[in-house]
Amino acid sequence: MDSRARVVLDEADIGRGIRRIAHEIVEKARGSDDLILLGIPTRGVALANRIASAIGEIEGTQVPVGSLDITLYRDDLRLRPARALETTSIPAGGIDSKVVVLVDDVLFSGRTVRAALDALNDIGRPAAVRLAVLVDRGHRELPIRPDYVGKNLPTSHSEQVRVELDEVDGTDRVAILGHVEDGAAG
Amino acid sequence: MTLVVRGVRPYGEDAVDIVVSDGVIVELAPPGTAAGEIVDADGLVALPGFVDLHTHLREPGREDAETVRTGSQAAALGGFTCVHAMANTSPVADTAGVVEQVWRLGQEAGLVDVRPVGAVTVGLGGERMAELGAMAHSAAQVRVFSDDGKCVHDAVLMRRALEYVKAFDGVVAQHAQEPRLTENAQMNESELSGRLGLVGWPAVAEEAIIARDVLLAEHVGSRLHVCHLSTAGSVEVVRWAKARGVQVTAEVTPHHLVLTEDLVATYDPVYKVNPPLRTAEDVAALREALADGTIDIIATDHAPHPHEDKDCEWAAAAMGMLGLETAFGVAMETMVVPGRLSWRELAQRMSTAPAHIGGVRTQGHELVPGAVANIAVVDPEGTYLVDPTKLASKSRNSPYAGRTLPGRVVHTIYAGTPTVLDGALA
Amino acid sequence: MKHLLSAADLSRDEAVLIIDTAAELAAVTDRSVKKLPTLRGRTVVNLFFEDSTRTRISFELAAKRLSADVINFAAKGSSVSKGESLKDTALTLEAMGADAVVIRHGSSGAPHRLANSDWIQGSVINAGDGTHEHPTQALLDAFTLRRHLRSGAGDLSGVRVAIVGDILHSRVARSNVLLLKTLGAEVTVVAPPTLMPYGVESWPCHTSYSIDDVLPDVDAIMMLRVQAERMQAAYFPSSLEYSRMFGLDSARVARLPEHAIVMHPGPMNRGMEISADVADSPRSVMVEQVTNGVSVRMAVMYLLLGGMQEEI
């Protein structure tokens with residue numbers, strides 16, 4: 001990791017955030033019969049799986065988990081070379097009349113969520129769509145707000161937030177990279 | 001009027017002043033001593049003016065591609081003083097009327113001897129013999145007969161033509177291409193044609209006709225000339241025939257001495273030509289044959305085509321390449337620079353022998369007093385960057401665009417009169 | 001990647017990327033809304049100089065599923081039949097703002113000409129040129145092979161495929177030999193010697209003159225359409241003899257390994273290269289090939305047009 005990186009969440013912080021999200025989801029759903037978690041690849045899928053396990057520990061139920069690739073719905077496709085698609089897998093039974101919780105690692109501009117909502121629209125008609133993110137770093141460009149947040153992280157626009165998860169990166173931590181060049185991810 | 005080509009080295013030998021008067025070389029004087037109108041050629045090489053036995057001037061019929069005048073200009077710039085205009089015009093040069101028209105247009109242009117080639121068969125149809133005698137006895141005095149572009153594939157007709165032209169010391173120049181083996185053929189048949197999905201043009205389609213024709217020529221005791229040899233196998237057949245004493249002569253084009261079939265992989269029709277570009281092995285065999293005399297001459301097969309006939313997909317494109325203005329450079333690159341031919345041998349291949357085959361008495365003379373003053377003055381140290389937009393030819397289909405060829409034609413003198421001075425039309 | 005002209009242009013990774021992408025896109029077919037917004041505002045022209053309804057509609061459906069605007073420009077009934085050249089047609093399409101041209105042409109290399117000329121700026125996708133190549137067909141075949149024989153992932157290492165029929169005139173065979181080799185498969189082309197291309201021994205595949213020799217050792221057999229016209233040109237003596245020596249009937253299918261699949265790019269000549277019962281048997285994956293064709297063509301269009309246009 002870059003030497004300018006400042007670690008803001010460690011493994012324990014991430015675990016706490018996930019458990020909080022799980023509790024809130026359960027609370028709000030009042031039982032999780034119609035619940036589906038859809039992770040947005042890549043790290044959103046790992047988070048969705050962790051949240052599902054946490055809900056399982058709380059409720060003793062298995063929440064279906066899927067993944068939703070939003071690449072084909074992005075509004076910035078023409079700004080970069082065409083990229084490989086990630087997996088979309090919708091749990092058996094589909095999303096119609098279900099409460100779908102979209103899970104992503106970082107909420108920034110809101111454009112990814114906008115794309116995910118468009119994608120969902122083509123797949124079915126959920127009863128409700130909610131949004132869970134590990135980190136909300138602000139700077140929204142669209143009228144989108146999260147329902148469940150692991151950690152609110154005030155950042156400057158030019159900073160970059162990097163989430164690393166064991167399943168993908170071999171370690172659990174969230175760091176802020178100082179004033180990097182334009183085009184920072186998030 | 002006296003013209004002095006000052007300080008020039010005939011055949012690259014000792015420098016002299018070539019003194020020309022009334023269209024004839026009158027003296028080889030010590031350099032810098034002769035008086036008259038001076039053409040500076042200090043250190044340059046003088047060769048007898050080149051004679052092309054195979055040129056397409058397109059007139060009459062396709063004046064959008066070339067005219068006798070523009071073709072003559074291209075020829076002069078290439079160091080030529082004589083070209084043989086092929087018969088596949090529209091109308092076909094199969095009557096005395098058409099060959100006389102072409103001959104007269106050549107006279108009017110006045111830059112090179114334009115010697116019309118007569119068609120062997122009416123309309124190049126391959127069925128009835130054209131009036132060869134009438135063409136021979138016309139003002140154009142045709143001596144070379146060819147259906148070039150098409151093969152005289154009927155064996156009986158070929159035999160009769162070979163026999164018939166003996167009466168006026170003519171020669172049949174055969175375009176050797178077995179038609180059935182080359183139906184819709186697009187490129188050399190090879191591993192590459194298989195890969196590119198282009199219909200193959202097997203070497204055997206050329207070699208089988210040459211083999212048949214040399215046997216026919218031997219049988220009837222006639223002269224045979226074979227156009228544009230393109231394969232190593234053709235070289236072997238001609239070598240065999242010559243060893244047997246058959247009166248056969250053969251030509252190779254500049255492009256078959258330097259370009260190979262790999263270029264077809266670009267699908268750029270500028271490389272589409274008949275016969276097709278062959279392999280590197282064929283190119284090597286052709287160079288060797290030209291060096292050892294199995295192949296007698298270089299002939300350009302200058303084939304102008306308007307832009308639209310090349311600016312299209314491969315199969316729809318016309319076959320042929322420009323050659324007059326680049327022939328010397330290619331000969332330099334492939335034969336002279338690598339030491340395969342001396343200057344005298346190059347003069348033989350590009351002037352003396354073609355003049356002899358074509359029966360042109362005023363061309364191909366050795367550069368000595370008494371000779372008609374047809375002279376190409378070349379700079380062996382110069383180079384020529386091929387820019388198709390700057391060619392004198394009306395067409396632009398040169399396969400050498402962007403290439404730098406060694407050697408440069410500096411002056412051309414046709415029958416005692418400069419047609420090209422310092423690389424530009426005089 | 002700007003154009004798709006030849007299977008030879010694809011590296012292993014590029015080919016796998018296309019097939020992986022196709023696998024993701026295939027799921028769209030199962031949804032109620034079979035459409036993605038990805039190529040909204042882009043214009044794809046199907047420029048077909050040869051009749052091929054099935055290939056054209058496959059490309060058309062693929063483009064429409066990605067929300068591109070599709071224009072079908074068929075040689076028949078257009079200015080091409082009045083003698084307009086490829087160049088002028090291309091200039092017209094360019095003036096209309098085509099982002100991609102899907103071209104089917106009878107002349108080998110026509111897509112290369114289009115791509116390498118200055119006639120158009122957009123992407124060129126070869127939908128079959130003369131007897132040269134048909135790269136999207138090879139991609140859909142590879143996709144189908146991978147699904148059946150490699151659980152839908154990775155490449156085709158070790159998969160043994162026989163391609164039987166008129167190899168000489170087949171653009172499908174050319175593209176498949178190149179692509180399947182790139183993906184690690186072992187290909188054998190089978191044909192009478194007259195229908196083998198000159199120089200086939202230098203191709204990256206095995207050759208055989210006997211279908212019976214290869215049957216027991218393949219994982220898939222791909223039958224090519226043989227046109228009866230070839231008979232007149234003396235490539236083989238009669239349809240009957242061809243079908244007896246090279247046709248796939250149920251007796252021959254019985255000699256294939258249990259798991260082997262039967263493929264055909266279509267359209268089939270039932271009774272010629274393939275018997276009707278084989279064509280309709282569960283071993284045949286022809287219908288699936290058609291479905292996969294749409295996914296693969298979506299993948300190609302997405303990868304060529306979905307992102308920023310590369311600098312040239």
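Just so we're on the same page: letters track the sequence lines, and every chain starts at 1. Side chains included, hydrogens not; waters and symmetry mates left out as well; all remaining heavy atoms used.
Among A:L85, A:L77, A:D75, A:D122, the residue with the largest count of heavy-atom pairs under 4.5 Å with chain C is A:D122. Interface remark: of the candidates A:D76, A:D118, A:I123, A:I123 forms the most heavy-atom pairs closer than 4.5 Å to chain C.
Contact of A:L79 with chain C is made through the backbone alone, with heavy-atom distances under 4.5 Å. For A:T71, the part lying under 4.5 angstrom from a heavy atom of chain C is the side chain only. For chain C, no part of A:R74 is nearby; none of its heavy atoms comes within less than 4.5 Å. Residue C:K34 does not touch chain A at all, counting heavy-atom pairs closer than 4.5 Å.
For A:H157 and A:F108, the ring centers sit closer than 6.0 Å to each other. In this structure, C:H132 has its ring center under 6.0 Å from that of C:H112.
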Apply the test side chain to side chain contact (heavy atoms under 4.5 Å, CB included) to residues C:T21 and C:Y302: give CA-CA distance (whole Å), side-chain angles for both, the deciding distance (0.1 Å), then the verdict.
CA-CA 9 Å; C:T21 305; C:Y302 163 64; 3.9 Å; yes
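Taking a cutoff of 4.0 Å between a charged side-chain nitrogen and a carboxylate oxygen, A:D169 and A:R43 qualify as a salt bridge.
Under the 30°/60° scheme for interplanar angles, the aromatic rings of C:H105 and C:F49 are found to be tilted.
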